[in-house]
Every structure is written in structure tokens, then in C-alpha cells.
Amino acid sequence: MPELPEVETTLRGVSPHVKGQKVIAVCVRQPRLRWPVPDDLQMLQGEVIESLQRRAKYLLLNTKKGTVIIHLGMSGSLRICAQETEPGKHDHVDIVLDNSKLLRLCDPRRFGSVLWAQNVNKHPLLRNLGPEPLSEVFSANYLYEKSRNRKVNIKSFIMNAQVVVGVGNIYASESLYMAGINPKNLAGRISLKRYEKLVFSIKTVLSLAIEQGGTTLRDFVSADGQTGYFQLKLSVYGRTGEACPKCQTPIKQITQGQRSTYYCTVCQK
DNA sequence: ATGCTAACCTGCGCGC
DNA sequence: TGCGCGCAGGTTAGCA
């Protein structure tokens with residue numbers, strides 16, 4: 001799935017086509033996503049989508065009556081289509097607009113979700129999220145204080161959405177590499193100085209990826225249905241056995257929290 | 001409270 | 001060709 005940069009890119013891609021449009025119909029071909037698509041999503045019909053925003057990896061479509069909450073899971077993507085475009089096998093939900101277009105969710109693995117909330121700020125999935133990584137409140141001091149007495153490894157720690165949102169498996173490895181921190185280090189035993197480096201690295205890596213339109217991966221298709229995004233150069237992710245860009249040592253792959261981690265045993269201490 | 005595991009799905013590339 | 005296996009960008013519930 002999309003990591004945060006892809007979600008942000010999707011938001012920017014679909015917004016011009018969706019903002020200010022009235023919803024003509026909501027078509028759910030497959031309601032069995034990560035959570036069942038609720039019947040009250042039909043509340044959306046007839047409403048105007050007044051604004052769109054991103055919170056963590058959730059896309060929010062705001063109307064006067066409530067908010068559509070969309071998550072792309074591991075393999076989801078959103079596209080703007082002409083209304084007559086035939087849906088494919090994994091095109092599960094359409095939001096039909098009054099500009100002769102529709103917003104279409106494709107999600108082969110169905111780990112994504114489409115939900116409806118009257119009051120999005122009270123929604124259980126959004127209520128306990130940590131700060132946005134690119135905001136001011138996400139600082140070295142914040143991470144340092146938050147991590148005291150925590151015995152979890154630093155990679156799992158920064159991937160915890162209660163700590164900070166939007167750091168996925170690719171950019172967790174990349175950020176730790178840039179900061180020179182061994183992913184196995186315990187979060188509670190990392191110095192403020194090193195957290196300064198890590199926060200800078202997370203912000204830099206994510207910003208660069210957003211700038212480049214999101215890292216292109218297997219299932220990601222841009223909001224316009226194009227595949228033309230060029231790829232952000234990844235230093236360690238998916239590069240098991242390849243030479244570290246800085247010291248040429250082969251990149252090591254380990255498993256943490258059921259996910260693959262990639263790092264350099266020499267550059268990351 | 002914290003940390004760990006299983007679970008939700010489909011598709012793809014690999015070795016045999 | 002075909003088959004079985006392992007792996008893949010996320011996140012939550014439930015348990016110790």
C-alpha cells in the first residue's frame with residue numbers, strides 16, 4: 001500500500017476533480033473490505049464534498065452531514081474515471097459525481113476501508129492517533145519524552161501510529177539508515193541527540209518522497225491513472241545483499257514485528 | 001500500560 | 001506448464 005507520500009499524492013491528484021462536487025450515487029460492488037462498508041455510507045448521496053484532507057494515511061471527504069473516511073490498506077488506489085468506465089475485478093467502490101466523473105477505489109487485497117462518520121474527530125480509528133510527522137509538534141523532544149521506559153525496538157516504535165503517524169515499512173528503514181541508527185536499538189535507550197537526527201531524517205525522507213510524487217511500487221497507480229511517477233531512490237529497503245551506498249557493506253535484512261527491516265550493520269549503530 | 005501475535009486478503013515471482 | 005511456497009506498502013483485536 002501506499003505509504004504516507006502516496007496517500008498525499010493521491011489526495012492532491014483527486015482533489016481538483018472532487019472538491020465542490022455533489023455526489024449523485026454511491027456504488028458498492030464489494031462491501032467486504034478491512035471493515036464492512038457501512039450502509040450509512042449512502043448518507044453521502046446528494047451531499048456536496050466541500051473539502052478533502054489527509055490525516056495519517058486516511059483520506060477524508062468532508063460534507064455538511066458527515067465525513068467519508070478512506071484508507072488504502074496495502075494495495076488500494078483511488079482513480080478518477082469517466083462515468084461509463086467499466087469496473088475491473090478489484091474496483092470495489094464508486095462515488096459518482098455530478099461532473100460526469102467518478103471516484104473509484106481499487107483494492108485487490110481488500111485491506112483498505114471506506115467508512116462514514118458523523119463526527120470524524122470522535123471516530124475510534126482516528127481518535128488516538130499521534131502527531132503528523134511533518135508537523136511542528138513532531139519534534140526530537142516529543143519523541144525522546146514519549147520513548148522513555150519503552151522497551152520496544154526503535155523501528156517498531158516509529159511505526160506505531162500512537163507515537164507518530166505515517167511512517168510505514170519502507171520509510172522506517174530509510175529514515176533509520178539516514179539517521180545512522182540500528183533498528184534493533186531500544187527506543188527507551190536512545191539519546192535526545194540521536195532523536196534529533198531521527199526526526200530530521202523522517203521529515204526529510206517523507207518530504208522528498210512527497211515531492212517526487214510518491215514512490216512508485218507494484219500496485220500504486222496515480223490519481224489520474226498514470227504510472228509515470230519516477231521512483232525515489234531507496235538506500236536500503238528491498239536491497240538485501242546489495243552494497244551500502246556509503247560503505248559498500250552488504251545490506252542486511254531482518255524481521256521485526258512481522259515486517260522486514262533493512263539496514264547497514266556498519267553505518268547504523 | 002506495554003509488547004507480541006494472529007488475522008484480514010490477493011497476486012506475484014521463485015524453485016522444482 | 002503447473003504447483004506450492006514465501007513474500008508484499010497496514011492496522012487492529014486480543015492475549016500474556
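Computed from a prediction, not measured in an experiment: that's the story for all the values here. Just so we're on the same page: letters track the sequence lines, and every chain starts at 1.
- With sequence neighbours excluded, the residues forming a side-chain contact (heavy atoms from CB on, under 4.5 Å) with A/Glu47 are A/Thr63, A/Lys64, A/Lys65, listed by chain and number.
- Closest to the side chain of A/Tyr262, out of B/dC4, C/dA8, B/dG11, is C/dA8.
- In this structure, of B/dG11, C/dT12, C/dG9, it is C/dT12 that holds the atom nearest to the side chain of A/Leu125.
- Phosphate contact (OP1/OP2 of B/dG11, side-chain N/O of A/Ser75, threshold under 4.0 Å): absent.
- In this model, the phosphate group of B/dC8 is not approached by any side-chain N or O of A/Arg34 to a distance below 4.0 Å at OP1 or OP2.
- Considering only side-chain atoms of A/Glu3, the nucleotide from B/dT10, C/dA8, C/dG9 that sits closest is C/dG9.
- The ring of A/Phe111 does not lie on top of the base of B/dC9; it is either too far (5.5 Å or more) or too tilted (30° or more).
- Other members of the cluster containing A/Ile69 are A/Trp35, A/Tyr58, A/Leu60, A/Leu115, A/Val120, A/Leu125, A/Leu126, A/Leu129, A/Val165, with ILVMFWY side chains joined at under 4.5 Å, either directly or via other members.
- A straight line from CD1 of A/Ile210 to P of C/dG9 spans 19 Å, rounded to a whole angstrom.
- As rounded to the nearest Å, C/dT12 and B/dG11 have C1' atoms that lie 23 Å from one another.
- Considering only heavy atoms from C-beta on, A/Cys264 comes within 4.5 Å of A/Cys247 through its side chain.
- When rounded to the nearest whole Å, the span between CD of A/Gln256 and P of C/dA8 equals 13 Å.
- Taking each heavy atom of A/Gly166 and A/Leu4 in turn, the nearest pair found is O-CB, 3.4 Å.
- Protein atom CE of A/Met159 is 14 Å distant from nucleotide atom P of B/dC4, rounded to whole Å.
- Contact annotation for A/Arg150: backbone-only contact, meaning every heavy-atom pair under 4.0 Å involves sugar-phosphate atoms and none involves a base.
- Of the candidate nucleotides C/dG9, B/dG3, B/dG11, C/dG9 has the atom nearest to the side chain of A/Tyr237.
- Checking A/Ser156 against A/Gln256 by side-chain atom types alone, no donor-acceptor pair falls below 3.5 Å.
- Not one N or O on the side chain of A/Gln30 forms a donor-acceptor pair closer than 3.5 Å with the backbone of A/His92.
- At the heavy-atom level, A/Ser156 lies nowhere under 4.0 Å from the strands shown.
- Look at A/Arg109 and you won't find any side-chain N or O under 4.0 angstrom from OP1 or OP2 of C/dG10.
- Both A/Lys89 and A/Gly257 lie close to DNA chain B; mapped to their nearest nucleotides by heavy-atom distance, the more 5′-ward contact belongs to A/Gly257.
- Using a 4.0 Å cut-off, no side-chain N or O of A/His90 falls inside it from OP1 or OP2 of B/dC9.
- Of the listed nucleotides (B/dG3, C/dG9, C/dT12), C/dT12 has the atom at the smallest distance from the side chain of A/Trp35.
- In this structure, A/Asn128 places its CG atom 14 Å from C1' of C/dT11, rounding to the nearest Å.
- For the pair A/Asn153 CG and B/dC4 P, the computed distance is 7 Å after rounding to whole Å.
- You'll find that the side chain of A/Lys57 is closest to C/dG10, out of C/dG9, B/dT10, C/dG10.
- Taking atom CD1 of A/Ile170 as the reference point, atom C1' of C/dG10 lies 12 Å away to the nearest angstrom.
- Residue A/Lys151 places no side-chain N or O under 4.0 Å from the OP1 or OP2 atom of B/dA1.
- Using cut-offs of 30° and 60° on the angle between ring planes, the pair A/Tyr195 and A/Phe157 is tilted.
- The residue among A/Gln253 and A/Gln258 whose nearest nucleotide of DNA chain C lies closer to the 5′ end is A/Gln253.
- The two residues A/Arg54 and A/Val7 come nearest to each other via the heavy atoms CD-CG1, 3.8 Å.
- Residue A/Tyr58 is in sugar-phosphate contact alone, with no base atom involved, counting any heavy-atom pair closer than 4.0 Å across all strands shown.
- Spacing of P atoms, B/dA1 relative to C/dT11, comes out at 22 Å, to the nearest Å.
- Between C/dG10 and A/His71, no contact under 4.0 Å exists linking OP1 or OP2 to a side-chain N or O.
- The separation between A/Leu206 atom CG and C/dG9 atom P is 16 Å, rounded to whole Å.
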Each base of DNA chain B marked ( ) or [ ] if paired in-strand (Watson-Crick or G-U under 3.5 Å), | if paired to another strand and . if unpaired gives .|||||||.|||||||
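- Atoms CG (A/Leu115) and C1' (C/dT12) sit 13 Å apart, rounded to a whole Å.
- In terms of phosphate contacts, A/Arg259 brings no side-chain nitrogen or oxygen within less than 4.0 Å of OP1 or OP2 of C/dT11.
- Defined by atom type and a distance below 3.5 Å, a donor-acceptor pair is present between the side-chain atoms of A/Lys155 and A/Thr261.
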